[in-house]
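In what follows, chains carry the letters A, B, and so on, assigned in the order in which the sequence lines appear, proteins first and then strands, with residues in each chain numbered from 1. Keep in mind the model is a prediction, meaning the values are calculated, not measured.
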Protein chains: 2
Amino acid sequence: MKIKVFVVDDHYMVIEGIRSLLQNENDIEWMGHATNAVSCLAFLKQQLPDIILMDVNLPDVSGIELCKQVRQLYPSVFVLGLSTFNQQPIIRNMLENGASGYVLKNATKEELLEAAKAVMAGKSYLSFDVALSLRKTDDELPIITRREKEILLLIADGLTNAEMAAKLFISIPTVNTHRKSLLNKFNVNNTASLIKLAAKHHLI
Amino acid sequence: MKIKVFVVDDHYMVIEGIRSLLQNENDIEWMGHATNAVSCLAFLKQQLPDIILMDVNLPDVSGIELCKQVRQLYPSVFVLGLSTFNQQPIIRNMLENGASGYVLKNATKEELLEAAKAVMAGKSYLSFDVALSLRKTDDELPIITRREKEILLLIADGLTNAEMAAKLFISIPTVNTHRKSLLNKFNVNNTASLIKLAAKHHLI
DNA sequence: AATAAAATCATCTTTTTTAATGATTGATGC
DNA sequence: GCATCAATCATTAAAAAAGATGATTTTATT
C-alpha cells in the first residue's frame with residue numbers, strides 16, 4: 001500500500017524538488033500539487049491523499065488556516081508542515097491546528113520518507129532543529145496574556161498610552177501596567193528592545 | 001555551446017527542484033551544487049561554470065558576501081541571485097555586489113531559462129515582482145546615512161540617547177538629531193513604529 | 001573651488017515613557 | 001470555597017524621547 005502524497009507550496013522549485021526526490025520511491029504515490037490554498041481544497045473534493053506536505057507561507061490563506069480546515073473537513077488526511085525557517089510560533093500554531101509534524105526545506109529524501117512513515121504510523125515527526133528550537137522556546141519566550149498581546153500590537157503600531165486607553169476603553173494607568181509587565185516578561189528596558197524582540201519572534 | 005550552471009542553496013528540495021527542471025534542457029549543462037559558501041568556493045577552484053544560481057541565505061557566509069568574492073576571483077562567472085522572499089535591501093545589495101539578476105523561488109522553468117539566457121547575453125534579469133518592488137522601494141524606503149543607520153541599530157539594541165552618545169563619543173543632542181531625522185525619514189512618530197518598520201525591511 | 005550633504009552641537013518645551021507601590025474586582029482552576 | 005491570576009485603576013516622580021530652530025564644521029561631489 002503506497003502512501004499517497006500531495007504537496008501545497010507556492011514555489012515551483014520546491015514542488016519539483018519534492019516530486020523529483022520521491023518519484024522513484026516504491027512506497028510513495030505522487031498525487032500532484034497545488035500552489036495555493038484554494039486549489040488545494042478544490043483538489044481534496046475530488047481525491048484524498050494520505051499526507052499533505054504543506055508550506056506555511058501560501059499566497060492566499062496561511063498554511064495554518066488551511067491546515068485547520070483540511071483537518072476539520074477530512075480527518076483522515078494528515079498534514080506535514082513545511083517551511084524554510086525555523087519559526088517557533090508558527091510551527092507551534094501549525095501543530096495546534098492539527099499538523100502531524102514539521103520538516104524544514106533542507107530535509108533530505110531520507111528525512112522526508114522517515115517523516116511520511118512516522119505520520120502514517122500515527123506518530124508525529126519534527127525535524128531535529130525544529131524539535132530543538134521548540135524545546136528551547138519554552139524557556140525563552142515569555143507567556144503573555146491576551147490583553148498584553150493586544151497592547152503589544154498597539155505599541156508596535158505606534159499608538160501612545162493615551163491612544164491605546166481611548167481605543168480599549170480603559171484608563172491610561174492600566175495601559176501602563178500592561179506595558180510594564182510586557183517589559184518585565186520580555187526582560188527588556190524599553191520599547192525599542194521590546195519591539196525588536198517581538199518582531200524577531202514574529203509576534204507582531 | 002551549453003550554459004554551464006551551478007547551484008548554491010542550503011535546501012536540498014530546491015537544488016533537486018532546479019536540477020529536475022533543467023535536466024532535460026539541451027541548452028543547459030548541470031555542473032552540480034553546493035550547500036554552503038565554503039564548498040562553493042572549493043568547487044570553483046576546480047571548475048568554472050557560466051552561471052551560479054545563488055541563494056542569499058546561506059548557513060556560513062551570506063550570499064551577498066559570496067557573490068562579491070566570486071565576482072572578484074572569477075569575473076567570467078555570472079551570479080544569479082535566488083531567494084524565497086522579495087526583500088528589497090538584500091536584492092539591491094546583491095546587485096551592487098556584482099549579481100547579474102535575481103529570480104524568486106516560485107520561478108517556472110521558462111523563467112529560469114529566460115534569466116539564464118539573458119545573463120549569458122550580458123544583460124541582467126529580474127523577476128517581474130522583484131523589478132516591481134525595487135522600483136517601488138525607491139519611494140518607500142528612505143535613504144539613511146551611515147551615522148543614522150548606526151544610531152538605528154543602537155536604538156534597536158535598547159540603548160538610550162545618553163548611552164549612544166557615550167558609545168559614539170558624540171553629544172546627546174547630536175544623537176537626538178539623528179534620531180529625529182530617522183523618525184522623519186521613515187515618516188513615523190515614535191520609536192516603536194520605527195523599529196517595527198526597520199525590522200520589516202530587515203534593516204536590524 | 002564651490003555647493004551640497006552629513007555630522008556635529010545648543011537651547012528650550014512638551015509629551016511620553018519608565019519606575020515604584022498599592023489596591024480592588026472578576027474569573028479560573030483545584 | 002480558596003487561591004491564583006488577569007485586568008483594572010491610582011498617585012507620584014524621574015527619565016527619556018519628541019518637536020522646533022538655528023548654527024558650525026567636516027566630508028563628498030561636481
Side-chain angles (χ1 to χ4, degrees), chain A residues 89 96 138-201 203-204, chain B residues 89 92-93 96-97 137-201 203-204:
Chain A
E96 280 163 7
D138 274 341
D139 314 327
E140 286 183 3
L141 252 196
I143 296 162
I144 61 176
T145 67
R146 240 192 317 280
R147 201 54 151 178
E148 282 162 359
K149 171 124 201 199
E150 205 170 353
I151 297 283
L152 174 59
L153 293 178
L154 294 177
I155 294 173
D157 281 341
L159 302 215
T160 66
N161 289 352
E163 288 167 338
M164 289 186 260
K167 180 156 202 156
L168 302 176
F169 303 107
I170 58 179
S171 76
I172 294 176
T174 301
V175 174
N176 227 344
T177 305
H178 293 309
R179 192 167 192 142
K180 281 180 289 189
S181 59
L182 280 169
L183 294 180
N184 264 323
K185 288 187 176 178
F186 280 89
N187 197 29
V188 293
N189 298 315
N190 54 38
T191 306
S193 301
L194 176 69
I195 297 299
K196 186 186 174 188
L197 243 184
K200 186 177 160 196
H201 290 295
L203 296 177
I204 55 176
Chain B
R92 211 173 276 281
N93 220 326
E96 280 164 7
N97 280 291
T137 301
D138 274 340
D139 314 325
E140 285 182 3
L141 251 197
I143 296 161
I144 62 177
T145 67
R146 238 194 317 280
R147 203 52 153 178
E148 283 162 359
K149 170 124 202 197
E150 205 170 353
I151 297 283
L152 175 59
L153 293 177
L154 294 177
I155 293 173
D157 282 341
L159 303 215
T160 66
N161 288 352
E163 288 167 338
M164 289 186 261
K167 180 155 202 159
L168 301 177
F169 304 105
I170 58 180
S171 75
I172 294 176
T174 301
V175 175
N176 228 345
T177 305
H178 293 308
R179 189 166 194 142
K180 280 178 288 190
S181 61
L182 280 170
L183 293 180
N184 264 325
K185 288 187 176 177
F186 280 88
N187 197 29
V188 293
N189 298 314
N190 55 40
T191 306
S193 300
L194 175 68
I195 298 300
K196 186 187 174 188
L197 242 183
K200 186 178 160 195
H201 292 294
L203 297 176
I204 56 175

Pairwise side-chain contact, [X] with [Y], heavy-atom cut-off 4.5 Å (strictly under):
X: Asn187(B); Y: Leu197(B); answer: no
X: Ile195(A); Y: Thr191(B); answer: no
X: Ile170(B); Y: Arg147(B); answer: yes
X: Met164(B); Y: Ile155(B); answer: yes
X: Asn189(A); Y: Leu183(A); answer: no
X: Leu194(A); Y: Arg179(A); answer: no
X: Val175(B); Y: Leu154(B); answer: no

In whole angstroms, how far is the [atom2] atom of [N] from the [atom1] atom of [X]?
X: Leu183(A); N: dT17(C); atom1: CG; atom2: C1'; answer: 9 Å
X: Lys185(B); N: dA18(D); atom1: NZ; atom2: P; answer: 17 Å
X: Ile143(B); N: dT29(D); atom1: CD1; atom2: P; answer: 13 Å
X: Leu154(A); N: dT16(C); atom1: CG; atom2: P; answer: 16 Å
X: Met164(B); N: dA15(D); atom1: CE; atom2: C1'; answer: 14 Å
X: Asn189(B); N: dA16(D); atom1: CG; atom2: P; answer: 22 Å
X: Glu148(A); N: dA6(D); atom1: CD; atom2: C1'; answer: 8 Å
X: Lys180(B); N: dA20(D); atom1: NZ; atom2: C1'; answer: 8 Å

Working for side-chain hydrogen bond (donor to acceptor under 3.5 Å, both in side chains), residues Asn190(A) and Ser193(A): CA-CA 6 Å; Asn190(A) 54 38; Ser193(A) 301; 3.2 Å; yes
End-to-end axis angle, where each axis spans five pairs of the helix from dA1(C)-dT30(D) to dC30(C)-dG1(D), to 10°: 70°
Does [X] place a side-chain N or O at less than 4.0 Å from the phosphate oxygens OP1/OP2 of [N]?
X: Arg179(A); N: dT18(C); value: yes
X: Asn161(B); N: dA16(D); value: no
X: His178(B); N: dA6(C); value: no
X: Thr145(A); N: dC5(D); value: no

Check: Asp157(A) main-chain N/O paired with Lys196(B) side-chain donor or acceptor under 3.5 Å: no
Pairwise 5' ranking along DNA chain D for Val188(B) and Arg146(B), keeping only the more 5' one: Val188(B)
Strand-adjacent residues in residues 167-177 of chain B, judged by heavy atoms under 4.0 Å from DNA chain C: Ile170(B), Ser171(B), Pro173(B), Thr174(B), Thr177(B)
